[in-house]
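As C-alpha cells, the structure follows; a few thoughts come after it.
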Amino acid sequence: MHDQEPFQSSHPGSLTPQAAIEKLGSARQRIVEQLSRVIVGQRDVIDELLISLFSRGHCLLEGVPGLAKTLMISTLARTLNLSFSRIQFTPDLMPADITGTEILEENRSTGGREHRFVEGALFANIVLADEINRTPPKTQAALLEAMQERQVTVGRTRHPLADPFFVLATQNPIEQEGTYPLPEAQQDRFMFKVFVRYPSFDDEFEVARRTTARLDASVEPVLRGEEIVELQQIVREVPISDHLIRYTLSLVRQTRVGGPGVPPFVAEHVAWGAGPRAVQFLILGAKARALLEGRTHVTCDDVKTLARPVLRHRLVLSFAAESEGITADAVIGRILEATPTQQDELTGDARFQAIFAS
C-alpha cells in the first residue's frame with residue numbers, strides 16, 4: 001500500500017492497534033450472534049449497520065413491509081445496551097413531537113412560573129424513524145439539526161443529544177399515496193442507504209419455522225455506550241494512503257455532471273452528482289470495514305464494497321435514465337468498472353489527470 005502510515009493511536013491510554021482489532025472483531029461476532037437469535041440472514045445489512053455505527057453515521061433502510069427492518073433495529077439497540085426510541089412517522093406528526101417542547105410550570109416553593117423543557121423522542125442513543133417518508137417535510141426537517149449537529153434547538157436554547165447518537169430510518173419503496181419523499185439535502189445526511197431485500201429460500205424457511213413456533217429469544221447486551229464512543233474514535237485513527245483518497249475522490253467526482261473527466265454515460269444518465277459528504281463517508285466507512293475485517297489498513301476493496309450504499313441516494317438520475325429503467329446502482333457499477341485501482345494506471349490516465357487538476 002502506497003503512502004501508508006503506521007496505525008498508532010494519538011490518545012494516551014487508548015487501545016493498541018491489535019487490541020482495537022480484537023475488540024472490534026469480538027464485538028462484531030457477539031453482536032451478530034445475539035442478532036441471529038432473532039433475525040434470520042441479512043448479514044450484509046447487519047454489517048453495513050455496524051460499519052455505519054462505528055463510523056458515527058446514520059442509516060436509511062429501504063425495503064418492502066415484513067422484512068424485519070424495525071425488529072432488526074430494536075434488537076441491535078438491545079445488543080448495544082443503549083437507550084432506544086421508536087418514532088412512528090405519520091402525516092399528523094409535528095416537529096415538537098420528536099424534538100421536545102417547553103412548558104410553563106408553576107414552582108410550588110416560590111409560587112412563580114418558569115419554563116421547563118420536556119425532551120422528545122430524539123433524546124436517545126438509537127432513534128428509529130419508522131416510515132420516515134410518511135410525514136410532511138416540516139417534521140422530516142426537524143431531524144436535520146439532530147443528525148448533523150447532534151443537538152436540538154428549542155427557542156434560543158440548545159440541548160445536546162446523547163453520545164453515541166444513531167438515527168436509523170426506514171421507508172417503504174412501493175407505496176406512494178400519503179408519502180412525502182425525502183429531499184435530496186436530507187438524504188445526504190445519511191451515511192448509507194441500505195436495501196433490505198427478500199430473504200433466500202432457506203432463510204425464509206427458517207423465518208417461517210421460528211415465527212410460527214413458541215417464541216423464546218432473549219438478547220444480551222454486548223457493548224456499552226462509552227465503549228462504542230472509544231471504538232468510533234479508533235476508526236478515525238486508521239491510516240489511509242493518498243492513493244486511496246485519490247481513488248475515492250475519482251469515484252465521487254465522476255458523478256458530477258459538467259466536470260472534467262466525467263464519462264459520457266454519466267452525463268447522459270445523471271442530473272446531479274454526489275457532494276463532499278460522499279467522500280468523507282466512503283473513507284470513514286472503509287476504515288471501519290478494514291478494522292472489522294481484522295486489518296489496520298484500508299484497501300480499494302473496502303471503498304468499492306461501500307460505493308453503492310454511500311452513493312446510491314446521492315445521485316439524482318436524469319429523465320432519460322429513469323425512462324430506460326437505469327438505476328443508480330447500475331451507474332455506480334459502471335463508474336467502478338471505469339476507474340483503475342492501481343496507482344500508476346489511475347495517475348497515468350489522461351481522463352483522471354483532468355479530474356485531479358480540476
same_hphob_cluster(V266, V316) at 4.5 Å side-chain heavy-atom cutoff: no

Note, C300 side chain near Q342 side chain (heavy atom, < 4.5 Å): no

I332 side chain near T327 side chain, heavy-atom distance below 4.5 Å: no

P183 vs Q140 side-chain heavy atoms within contact, under 4.5 Å: yes

Ion pair check, R30 and E33, cut-off under 4.0 Å: no

Carboxylate-amine/guanidinium contact R289 D47, below 4.0 Å: no

Taking every non-hydrogen atom, the tightest pair across G261 and A354: N-CB, 4.5 Å

Heavy-atom closest pair, residues L161 and A146: CD1-CB, 3.6 Å

Any donor-acceptor pair under 3.5 Å from H313 side chain to F190 backbone: yes

Reported CD1-to-OG1 distance for the pair I31 and T75, which is rounded to 0.5 angstrom: 12.5 Å

L292 backbone acceptor or donor facing R28 side chain under 3.5 Å: yes

Cluster check V32, L71: I/L/V/M/F/W/Y, side chain < 4.5 angstrom: yes

Short N-O contact, D302 and R295, less than 4.0 angstrom: yes

Evaluation steps, side-chain contact (heavy atoms from CB on, under 4.5 Å), between S250 and F356: CA-CA 8 Å; S250 299; F356 301 150; 3.3 Å; yes

Exam field: side chain S85 to backbone A121, donor-acceptor pair closer than 3.5 Å: yes

Aromatic F165 / basic R150 pairing, under 6.0 angstrom, 45° off normal: no

Distance-only polar pair, side chains of T299 and D301, donor-acceptor under 3.5 Å: no

Whether F166 and H58 hold their rings parallel, tilted or perpendicular, with breakpoints at 30° and 60°: parallel

Atom pair CG/CG of L50 and L76 - distance to nearest 0.5 Å: 6.5 Å

Non-hydrogen atoms of A290 and H297 that approach each other most closely: CB-O, 3.3 Å

M191 and S55: CA distance, side-chain angles, deciding distance, side-chain contact (heavy atoms from CB on, under 4.5 Å) verdict: CA-CA 9 Å; M191 178 177 186; S55 302; 3.5 Å; yes

Sub-4.5 Å side-chain heavy-atom contact between I228 and L82: yes

Gap separating the CG atom of L251 from the NZ atom of K304, nearest 0.5 angstrom: 9.5 Å

L336 side chain near R308 side chain, heavy-atom distance below 4.5 Å: yes

Whether over 12 other heavy atoms sit under 6.0 Å from R158 CZ: no

Six-ring centre of F281, R314 cation under 6.0 angstrom, axis tolerance 45°: no

Sidechain-backbone polar pair: Q151 side chain, E145 backbone, donor-acceptor under 3.5 Å: no

Any side-chain donor near an acceptor of the partner, Q254 and R351, under 3.5 Å: yes

A278 versus V310, closest heavy-atom pair with distance: O-CG1, 3.6 Å

Check: T170 side chain, L61 main-chain N or O, donor-acceptor pair, under 3.5 Å: no

Closest approach of P164 to Q232 (non-hydrogen atoms, all atoms of both residues): CB-NE2, 4.1 Å

Evaluation steps, side-chain contact (heavy atoms from CB on, under 4.5 Å), between Q34 and R78: CA-CA 9 Å; Q34 296 299 317; R78 284 189 286 157; over 6 Å; no

T135 side-chain N/O to I132 backbone N/O, donor-acceptor pair under 3.5 Å: no

Check: L93 main-chain N/O paired with T139 side-chain donor or acceptor under 3.5 Å: yes

Shortest non-hydrogen contact from G285 toward I51: O-CG2, 3.6 Å

Spacing of L291 atom CG and T296 atom OG1 [to the nearest 0.5 Å]: 8.0 Å

Within one Ile-Leu-Val-Met-Phe-Trp-Tyr cluster: Y198 and V194, side-chain cutoff 4.5 Å: yes

side-chain contact (heavy atoms from CB on, under 4.5 Å) partner of M72, the single match among L168, L128, V45: V45

Hydrophobic cluster membership, F192 vs V303, 4.5 Å side-chain cutoff: yes

K287 side chain to R236 backbone, donor-acceptor under 3.5 Å: yes

CG-CD1 distance between L80 and I126, expressed to the nearest 0.5 angstrom: 5.0 Å

Residue pair F89 / L143, side-chain heavy-atom distance below 4.5 Å: yes

Joint cluster assignment, L60 & F195, ILVMFWY side-chain distance < 4.5 Å: no

Value rounded to 0.5 Å, distance of CG in L284 from CZ in R277: 13.0 Å

Verdict with supporting geometry, D242 and R246, side-chain contact (heavy atoms from CB on, under 4.5 Å): CA-CA 6 Å; D242 289 347; R246 291 190 195 96; 3.9 Å; yes

Under 3.5 Å: donor-acceptor pair, side chain of S52, backbone of L49: no

Name of the residue among E62, E48, Q187 meeting side chain to side chain donor-acceptor pair (under 3.5 Å) with K193: E62

Check: A96 main-chain N/O paired with T101 side-chain donor or acceptor under 3.5 Å: no

